[in-house]
Colleague: 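Take a look at this one; I'll ask things after.
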Amino acid sequence: MEVFPEPISLFKSVLEYPVNSEFNISEKSRANFIWDIALMFSAGKNKIDNCKLYFVTSDKAIIKTAVANNSGCYVLSFNEYLEYLNS
């Protein structure tokens with residue numbers, strides 16, 4: 001069983017950006033990637049007392065990473081989250 005595939009996958013993609021593109025990792029806004037990686041530890045097949053946890057975000061990299069790791073159904077946009085609450 002793989003442990004924490006979502007944050008590890010996002011971390012890997014962050015490391016690939018400067019190598020495979022003209023992405024400037026030293027820009028001030030890039031520190032947000034560290035925060036995103038930390039948040040990814042909450043996105044996935046996690047439970048509290050057998051209740052699923054949902055991660056609500058509009059961040060494209062987080063959504064893409066969750067989907068790539070078969071955790072897309074645990075990541076919701078704000079509107080999807082509101083629909084979930086109303087169902």
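Computed from heavy atoms alone, side chains included, the values below leave out hydrogens, waters and symmetry copies. The shown structure was predicted, so the numbers you read here are calculated from the model rather than taken from an experiment.
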Colleague: Distance-only criterion, 3.5 Å: show the donor-acceptor pairs between side-chain atoms of residues 73-86 and protein atoms not counting sequence neighbours.
Modeller:
unit_1	atom_1	unit_2	atom_2	d
Ser77	OG	Glu80	N	3.1
Ser77	OG	Glu80	OE1	3.4
Glu80	OE1	Ser77	N	2.7
Asn86	ND2	Leu82	O	3.1

Colleague: Just jot down the side chain to side chain donor-acceptor pair (under 3.5 Å) partners of Asn69, sequence neighbours excluded, or say none.
Modeller: Ser9
Colleague: Measure the spacing between OG1 of Thr65 and NZ of Lys12 and express it to the nearest 0.5 Å.
Modeller: 11.0 Å
Colleague: Give the table of side-chain donor-acceptor pairs shorter than 3.5 Å for residues 48-56, with sequence neighbours excluded, one pair per line with atom names and distance.
Modeller:
none

